[in-house]
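What follows is a single structure, written as structure tokens, with notes after it.
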Amino acid sequence: MRKRFSPDTMFEFAVGAVAFTGVILLAVLLLGELVLGAMPSIKTFGVGFLFETTWDPVFEKFGALAFIYGTLLSSFLAMLIGVPLSLGIAIYLAEVASSNVRTLISPVIELMAAIPSVIIGLWGIFVFAPFMRDYIATPLAKYLGFLPFFSGPAFGLSFLTAGFILAFMIIPIVSSITREALLAVPVLQKEGALALGATRWEMIVMTVLPYSRAAIFGAVIIGLGRAIGETMAVTMVIGNTPQLAASLLAPGYSMAAVIANEFTEATGDLYLSALIEIGLILFIISILVNASSRLLVWRYFEVRDSK
Amino acid sequence: MQEAKETSVKISVEGLNAWFNTNQVLKDISMDIAEKRITAIIGPSGCGKSTFVRCLNRMHEVVPKARVTGRVLLDGEDIYSADVDPVDIRRRVGMVFQKPNPFPTMSVYDNVAAGLRLMGVRDRARLDRVVKKSLEMSALWDEVKGELNKSGASLSGGQQQRLCIARALAVEPEVILMDEPCSALDPIATAKIEDLIAELKKDYTVIIVTHNMQQAARVSDYTAFFFLGELIEYEATRELFESPADKRTEDYITGRFG
Ligand SMILES: Nc1ncnc2c1ncn2[C@@H]1O[C@H](COP(=O)(O)OP(=O)(O)OP(=O)(O)O)[C@@H](O)[C@H]1O
Ligand SMILES: [Mg+2]
């Protein structure tokens, strides 16, 4: 009895309650505000808004599909490129590099996360996009053009370029969290594998990665969240063309980018409301991604330690 | 050491020194370990018992900044010579750790089969057979036979330790190092493990670290007493316990310190 009401627990409870209700309140207020702002658009276009690709401010015909497609596709590409690289970096730093190399390189990679995204966007426009066009997109279109996702003319500003830029932006966080997770694997687990005659690589596959899978998955989801919400850098390299192109080498648009680009110049009420509805969709997608991944971690990935 | 002459030497340790960074924890250890016999290592906490057995399968060098000098001959060949791959040594010299360390993401079955799979065995029937046999030997089969698919980490501490013993046995090493295998076990499980160890001697060379003097006396053929990183006395078990030659050995086994 006494323990239940000790100052410590009371304090913990009070702080927890304040933080929790605060966060929930904020989320609900935000959601309410978005729904309210999106109402005219929701009333006008209904569910069709989600499946319509036209985005025509002049005739006030709006649909979100091209933007949803662009966000999901560029984020997916970012994961496809960024996650294996992040894992590779993390495994190298945690398991292969000497501790000197690790202490030297780890902060440098983390520092990459501090580069403002507009700077990355500028670098994307002036350096990476031309490079992409000349050395990656053009050869891909030429030799693999028979595949639908490399078909058509090769642009410098495209889904694929956005995917690469996003991959570059998620690597610091994903690789750092993964690295820390790998470093936290108990020595006894690793030695258990080695003592069975595992090589270092076999040890990594056998126990290090499975043991830290929940944290790695969490890191990937944080990266995905970043990719979905990233605005500035994507706006600068995706080409800002609302279309459902199958080709990764074609320009596209993303939800965050269209909001950033057009919010200030949105003239009509319906135009503004449609942009807010896109914001609402972005918000819901982000929450869904996070919530479902949290659930997955709890349900399937959590590793119960021995003892 | 008379009995030792009846059997051949499996491991011969010559002038072994071991360090953690600059801290020397083993000092000039030399001893022969008899094939298909049980050798117990006893001594007070921190005297280097674990370090010693870890030098016999090249696990000591896994610790950052740890270092070994001297020779360890396994069947006459130095396991520390430059052309020897530690991975091969660890397959021949298996090990059970002081604390149970099953792989928590693997099932009971997969834990036991892990070593064989590393060796490339894919044949399901053979895996089944070895898993069953190993679990029977480690006296765990009856308790887990219905739930081989549940996580290795869901077992009790004592069951986990027997799972680790089964995992080590499954690859049929020539030598088995056991670092206090019974420290997490209740008396019944301990008795089962001691029976197992006695059984193992038919086919394996066993080296067991123990804090429990009765256990050393019960199960081992030879006993080595370590103290502050030095090998103080190494004799046939009965002799060491009945008439220790060194004062420190006597003090330790009569419980005057440690
Ligand atoms: N990972 C390590 N890093 C640095 N020093 C270590 C490490 N492990 C052990 N030591 C040191 O080496 C010495 C010998 O340790 P060891 O574990 O071999 O003793 P032990 O006889 O097995 O003890 P116990 O009976 O408590 O298991 C101790 O003084 C300990 O402090
Ligand atoms: Mg020990």
Side-chain angles (χ1 to χ4, degrees), chain A residues 87 91-104 106 178-179 181-220 296-307, chain B residues 50 53-54 56-65 85-106 110-120 150-161 163-164 167-171 173 176-177 179 184:
Chain A
L87 280 186
I91 289 173
Y92 170 76
L93 287 176
E95 294 296 336
V96 183
S98 69
S99 62
N100 286 339
V101 172
R102 178 161 66 234
T103 37
L104 210 73
S106 302
T178 305
R179 185 194 66 225
L182 298 185
L183 286 172
V185 173
V187 173
L188 206 58
Q189 281 290 318
K190 302 189 200 173
E191 290 189 345
L194 291 177
L196 277 180
T199 60
R200 181 152 58 175
W201 178 245
E202 286 167 336
M203 170 194 89
I204 291 170
V205 173
M206 207 168 149
T207 153
V208 175
L209 292 177
Y211 196 93
S212 43
R213 65 189 179 188
I216 294 175
F217 186 76
V220 168
L296 268 177
V297 169
W298 276 338
R299 190 81 187 70
Y300 298 109
F301 290 99
E302 211 81 88
V303 173
R304 274 194 296 163
D305 198 356
S306 41
K307 259 196 306 179
Chain B
S50 296
V53 295
R54 289 167 60 93
L56 303 184
N57 66 343
R58 297 196 55 174
M59 284 300 289
H60 181 64
E61 68 203 49
V62 168
V63 178
K65 298 195 176 157
D85 184 351
V87 168
D88 294 331
I89 298 303
R90 292 175 198 143
R91 288 190 180 171
R92 294 173 61 193
V93 184
M95 162 160 216
V96 177
F97 291 81
Q98 200 162 347
K99 271 191 256 158
N101 59 345
F103 302 127
T105 56
M106 289 188 199
D110 290 338
N111 262 282
V112 182
L116 283 177
R117 291 206 169 115
L118 278 177
M119 289 158 64
K150 76 176 191 182
S151 158
S154 63
L155 302 178
S156 77
Q159 289 174 324
Q160 287 183 15
Q161 187 61 303
L163 178 62
C164 293
R167 184 174 73 185
L169 293 176
V171 293
I176 297 179
L177 311 172
D179 194 349

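Every chain is numbered from 1, with letters handed out A, B, ... down the list of sequences. Fair warning: this is a prediction, and the values are worked out from it, not measured in the lab. Heavy atoms only: backbone and side chains are in, while hydrogens, waters and symmetry mates are out.
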## Note on the structure
For Q189(A) and P102(B), the nearest pair of non-hydrogen atoms, with its separation, is NE2-O, 2.9 Å
### Message
Is there a side-chain contact between L118(B) and E202(A) in this structure, where contact means two heavy atoms from C-beta onward sitting under 4.5 Å apart?
### Response
yes
### Side-chain (R91(B)) to main-chain (G197(A)) donor-acceptor, under 3.5 angstrom
yes
## Note on the structure
OG1 of T199(A) to CZ of R90(B), rounded to nearest 0.5 Å, is 10.5 Å
### Task
Please look at M119(B) and chain A and tell me whether the side chain, the backbone, both or neither of the residue comes under 4.5 angstrom of a heavy atom of that chain.
neither
### Summary
By side-chain hydrogen bond (donor to acceptor under 3.5 Å, both in side chains), D179(B) pairs with (sequence neighbours left out) S50(B)
### Query
Between A198(A) and V87(B), which heavy-atom pair has the shortest distance, and what is it?
O-CG2, 3.9 Å
### Over 12 non-hydrogen atoms of neighbours within 6.0 angstrom of NZ in K150(B)
yes
### Query
Is there a donor-acceptor contact under 3.5 Å from the side chain of N101(B) to the main chain of L188(A)?
yes
### Query
Y211(A) versus P104(B): any side-chain heavy-atom pair under 4.5 Å?
yes
### Message
Please classify the contact between F97(B) and chain A as side chain, backbone, both or neither, with a heavy-atom cut-off of under 4.5 Å.
### Response
side chain
#### Entry: Structural part of R92(B) lying under 4.5 Å from a heavy atom of chain A
neither
### Query
Residues in side chain to side chain contact (heavy atoms under 4.5 Å, CB included) with R117(B), at least two apart?
Y109(B), D110(B), A113(B), R122(B), R124(B), L127(B)
### Task
Applying side chain to side chain contact (heavy atoms under 4.5 Å, CB included) between V62(B) and each of M203(A), E191(A), K190(A), report the one that passes.
E191(A)
### Task
Counting only heavy atoms closer than 4.5 Å, note whether R200(A) contacts chain B via side chain, backbone, both or neither.
neither
### Task
Indicate the atoms forming the closest heavy-atom contact of A195(A) with M95(B), along with that distance.
CB-CB, 4.2 Å
### Query
Under a 4.5 Å heavy-atom cut-off, does chain A meet the side chain of V96(B), its backbone, both or neither?
neither
